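In what follows, a single structure is set out as structure tokens and then discussed.
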Amino acid sequence: MRNIKRIFALIITLFVISAFSRSTLYEHLEHKRGAYDHDNGFFTPFTPLEATPHPVTRYYEVELSQVDLAPDGFVKKIFSINGQYPGTILHANKGDNIHVTVKNNLGFPSVIHWHGMLQKGTTWNDGVTGQTQCSIPNGVSFVYNFSTGEQCGTYWYHSHTHGQYMEGLRAPLVIHDPDDPFRSYYDLEYVITMSDWYHGRISDLLKLRMAPNYGGFNPIPDSGLMSGVGRYNCSAAPPNSQCRPNNPLAVYKVTSGKRYRLRLINMSGLVHYIFSVDNHPLKIIEADGQYSRPVTVNKLPVAIGQRYSVIIEANQPVENYWMRATIDDRCILKNQSTINIDSAINYKVTGILRYDGADIADPKSKEYPDQTEPCLSLDQSLLKPYVPLQVPGPATNEIKLTATFGVDSQNIGRAFINNSTYAVDDQHPTLEKFVNNKVALNQFPANQNIYSYDKWGETVDIIFINNNFAIHPIHMHGHSFFVLGTGSGIEVDKSKLNLIDPFPRDTFVLNSTSWAVFRYKATNPGVWTIHCHIEWHVEMGMVAQIIELPTALSKAEIPESVTDLCRQQQKSKRSRFSRRNRLYNIDMERIKV
Ligand SMILES: [Cu+2]
């Protein structure tokens, strides 16, 4: 009897051990599969959302968390949206409400900005730490709830604090148009994102970038990714790292005879991309959420923050064709002190356009010979509004912003706007200080870089002067602005302004030592940041805040869920940022030049 019991116990033990080892093995495989071959859903074509009789609310939940992924074959811990890179594509129709619950399980405070969304009447949803809200503390959920209004087109959403989006917190937002004038031009759609990718932790790279006496430029990325997929040269990976050589490239499948709308987004922190598909010209129909008259190019420069919709026709022989997202290395400044100067990055990022019926093989197609201007936006004169738009004017308010570089008193490299480097105040967002605490605009510290105008409906010109050697993609929140003109030098040449048919954008590149004039109407009360979208330059302070229509804004009622964030943040004991800030930031008084 005792023996039977023993045998029985042994069987149970063996069973438990085997189940356990199987489950560990299984988890291990799952983990591997997750790291290398996660399906981010980008390679399945889609059609526009069905129109609804009335606008609806689209509910989404996104969880921010850290996971191991290997977008380019190199396994690293990344900041993910729903465990993916890039994060979940969100869809809505024009006029719909977007209701997104952001569950922050990142281990750090975070925030989500809706790049290109105007946030009319909902400036507190803009998602900028220190300006429109406090960050969402770790372990807390927060709801962004806003109308898409009259907007449609291609957008994205990303963290707007501490360089976090370069670590993975970035994803597309597609707003379909039930009245799309180009609907008969395409059968199916894809989203194609382009991004840079660092193997080091962004927080570590930031410490190095912002160290006193640092003599280099912005850190060189390790890879470029097309829709979250790249191929790293694993022989350059540090010993003991996990890296899969010849990581499979992004493959977009097309069917002969069909036409595809490709929604292109450059979600990078540093790099400028030139996009093309061999043998397939790109018919542009949208830029930054604005329809354009169709214009066809072979190569399309896409600056950081910019978006385009292009149509390609699958009218070539059934084959494989290279899709090229070439990083323009002419604008990556470097010297021997530059962080990651020995990067094994391959600037020629590629994917494959594969016709149904083609062999599973690498393409042999040839690149278009066309040249593009180094590091600049597409020639603005090529873009014409699809429907003629009235240009407001003349300007009754001009805000001149001059961007320069320098060092502060600790010899930390800084970027300045009108000689003042922006320092984020994580704990006291501008919106709450102004609306709830009634702090007068002239009482804000100089390092908040605040500009304002108060006449409803007036025409505002932002005259942006780039008085330095670098090239800056300038992005403004809360507005789409007419790009009236741009030119070299630091004096605006008014004869070069187009007041007839300029194209509206929300992100435009300023060449080194040059000017640009952006025009819009003041009809959106709020706190709107205008900044360079090179994320390293943001951290260095190339940021200004526009307080639009303060009289109207002062009557706004900020939802309690927003003001609660600051309270929760103060309670949160795990505010790692404040610890980190002390490492290289921020002696507010000393950084004036
Ligand atoms: Cu910049």
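Model, not experiment: these values are computed from the prediction. Basis for what follows: all heavy atoms, side chains included, without hydrogens, waters or symmetry-related copies.
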(message) Measuring from atom OG of S343 to atom CD1 of I220, what distance do you get when rounded to the nearest 0.5 angstrom?
(response) 7.0 Å
(request) Provide the closest heavy-atom pair for G228 versus T193 in the form atom of the first, atom of the second, distance. (result) N-OG1, 4.0 Å
(message) Looking at every non-hydrogen atom in both residues, tell me the closest pair between V191 and S227 and how far apart they are.
(response) O-OG, 3.7 Å
(request) Using only heavy-atom distances, determine whether the side chains of N340 and D222 contain a donor-acceptor pair under 3.5 Å. (result) yes
(request) For residues F142 and V562, determine if any side-chain heavy atom of one lies less than 4.5 Å from a side-chain heavy atom of the other. (result) yes
(message) Is the distance between the ring centroids of F405 and F469 under 6.0 Å?
(response) yes
(message) Taking the side chain as everything from C-beta on, heavy atoms only, tell me whether Q570 gets closer than 4.5 Å to Q427.
(response) yes
(request) For Q545 and W528, indicate whether the former's side chain and the latter's backbone hold a donor-acceptor pair under 3.5 Å. (result) no
(message) In the structure I gave you, are the side-chain heavy atoms of N511 and N466 within less than 4.5 Å of one another anywhere?
(response) no
(message) Is it true that S420 and N418 share a donor-acceptor pair across their side chains at a distance under 3.5 Å?
(response) no
(request) For the pair Q448 and Q131, evaluate side chain to side chain contact (heavy atoms under 4.5 Å, CB included) and give the outcome as yes or no after the intermediate values. (result) CA-CA 9 Å; Q448 292 301 290; Q131 297 189 17; 5.9 Å; no
(message) Apply side chain to side chain contact (heavy atoms under 4.5 Å, CB included) to residues V349 and I327 and explain how you reach the verdict.
(response) CA-CA 7 Å; V349 181; I327 295 173; 4.1 Å; yes
(message) Tell me if a side-chain donor or acceptor on H428 pairs with a main-chain N or O of K433 at a distance below 3.5 Å.
(response) no
(request) Considering non-hydrogen atoms only, spot the tightest contact between V271 and I332 and give its length. (result) CG1-CD1, 3.8 Å
(message) Quick check against the 3.5 Å criterion: does N82 have a side-chain atom that pairs as donor or acceptor with the backbone of Q84?
(response) no
(request) State whether a side-chain donor-acceptor pair under 3.5 Å links N411 with N213. (result) yes
(request) Say whether T529 and Y422, considering side chains only, have a donor N or O and an acceptor N or O under 3.5 Å apart. (result) no
(message) I'd like to know whether the aromatic ring centres of W156 and H533 sit less than 6.0 Å apart in this structure.
(response) yes
(request) Check for a donor-acceptor pair, side chain of R170 on one end and backbone N or O of Y165 on the other, with a separation under 3.5 Å. (result) yes
(request) Measure the CD1-CD distance between I450 and Q443 for me, rounded to the nearest 0.5 Å. (result) 11.0 Å
(message) What I'd like to find out is whether the side chain of I546 reaches to under 4.5 Å of the side chain of M476, using heavy atoms alone.
(response) yes
(request) Find the distance between CG (L270) and CG (D196) and round it off to the nearest 0.5 Å. (result) 6.0 Å
(message) Does the Lys NZ or Arg CZ of K496 fall within the cation-pi geometry relative to W515 - under 6.0 Å from the ring centre and within 45° of the axis?
(response) no
(message) Under a 3.5 Å cutoff, is there a donor and acceptor pairing between the side chains of Q119 and T122?
(response) yes
(request) Flag the pair H115 / T507 as yes when at least one side-chain heavy-atom distance between them is below 4.5 Å, and no otherwise. (result) yes
(request) Report yes if some heavy atom in the side chain of F508 is under 4.5 Å from a heavy atom in the side chain of I474; otherwise report no. (result) no
(request) Applying ring pair (Phe, Tyr, Trp, His ring centres under 6.0 Å) between H531 and each of H160, H113, H472, report the one that passes. (result) H160
(request) Quick one: closest heavy-atom pair of I399 and V460, and the distance? (result) CD1-CG1, 4.5 Å
(request) Could you tell me whether the side chain of Q306 and the main chain of A303 form a donor-acceptor pair under 3.5 Å? (result) yes
(message) I need the minimum non-hydrogen distance between H537 and A415, along with the two atoms involved.
(response) O-CB, 4.2 Å
(request) Enter the distance from T372:OG1 to H272:NE2 here, rounded to the nearest 0.5 Å. (result) 6.0 Å
(message) Please report the interatomic distance CG(L565) to CD(Q133), rounded to the nearest 0.5 Å.
(response) 5.5 Å
(message) Do D408 and T421 make a side-chain contact, defined as non-hydrogen atoms from C-beta onward lying under 4.5 Å apart?
(response) no
(message) Counting the benzene-type ring for Trp, do Y155 and Y157 have ring centres under 6.0 Å apart?
(response) no
(request) List the steps and the verdict of side chain to side chain contact (heavy atoms under 4.5 Å, CB included) for W536 and L205. (result) CA-CA 10 Å; W536 305 104; L205 297 172; 3.7 Å; yes
(message) Test your reading of the model: is there a side-chain donor-acceptor pair from R307 to the backbone of T154, 3.5 Å cut-off?
(response) yes
(request) Return yes if a side-chain donor-acceptor contact under 3.5 Å exists between Y232 and R244, otherwise no. (result) no
(message) Using a 3.5 Å distance criterion without hydrogens, assess whether the side chain of N104 forms a donor-acceptor pair with backbone atoms of L106.
(response) yes
(request) Output yes when K76 and E167 qualify as a salt bridge under the 4.0 Å nitrogen-oxygen rule, no when they do not. (result) yes
(request) Inspect the contact between K299 and D328 and indicate whether a charged nitrogen and a carboxylate oxygen are less than 4.0 angstrom apart. (result) no
(message) Test your reading of the model: is there a side-chain donor-acceptor pair from H162 to the backbone of S203, 3.5 Å cut-off?
(response) no
(request) Begin from the C-alpha positions of E548 and Y520 and carry the test side-chain hydrogen bond (donor to acceptor under 3.5 Å, both in side chains) through to its verdict. (result) CA-CA 12 Å; E548 181 159 327; Y520 57 89; 4.5 Å; no
(message) Please check this pair: side chain of D288 against backbone of D506, looking for a donor-acceptor N/O pair closer than 3.5 Å.
(response) yes
(message) Working note: Y214 + I339, criterion side chain to side chain contact (heavy atoms under 4.5 Å, CB included); need CA distance, chi angles, decisive distance, verdict.
(response) CA-CA 9 Å; Y214 173 62; I339 300 156; 3.3 Å; yes
(message) Can you confirm whether Y144 sits close enough to V111 that some side-chain heavy atom of one is under 4.5 Å from a side-chain heavy atom of the other?
(response) yes
(request) Assess the side chains of D126 and T132: does a donor N or O sit below 3.5 Å from an acceptor N or O? (result) no
(request) Determine yes or no for a side-chain-to-main-chain donor-acceptor pair under 3.5 angstrom, with N247 supplying the side chain and R231 the backbone. (result) no
(request) Using distance alone, with no hydrogens and no angle criterion, decide if T101 and S141 have a side-chain donor and acceptor under 3.5 Å apart. (result) no
(request) Examine F108 together with F79 and report whether their ring centres are nearer than 6.0 Å. (result) yes
(message) Rounded to the nearest 0.5 Å, what separates atom CD1 in I417 from atom CD1 in I465?
(response) 12.0 Å
(request) Decide whether D564 and S561 meet the rule of one side-chain donor and one side-chain acceptor closer than 3.5 Å. (result) no
(message) Testing the basics here: between A516 and T486, what is the closest heavy-atom pair and its distance to 0.1 Å?
(response) CB-OG1, 3.9 Å
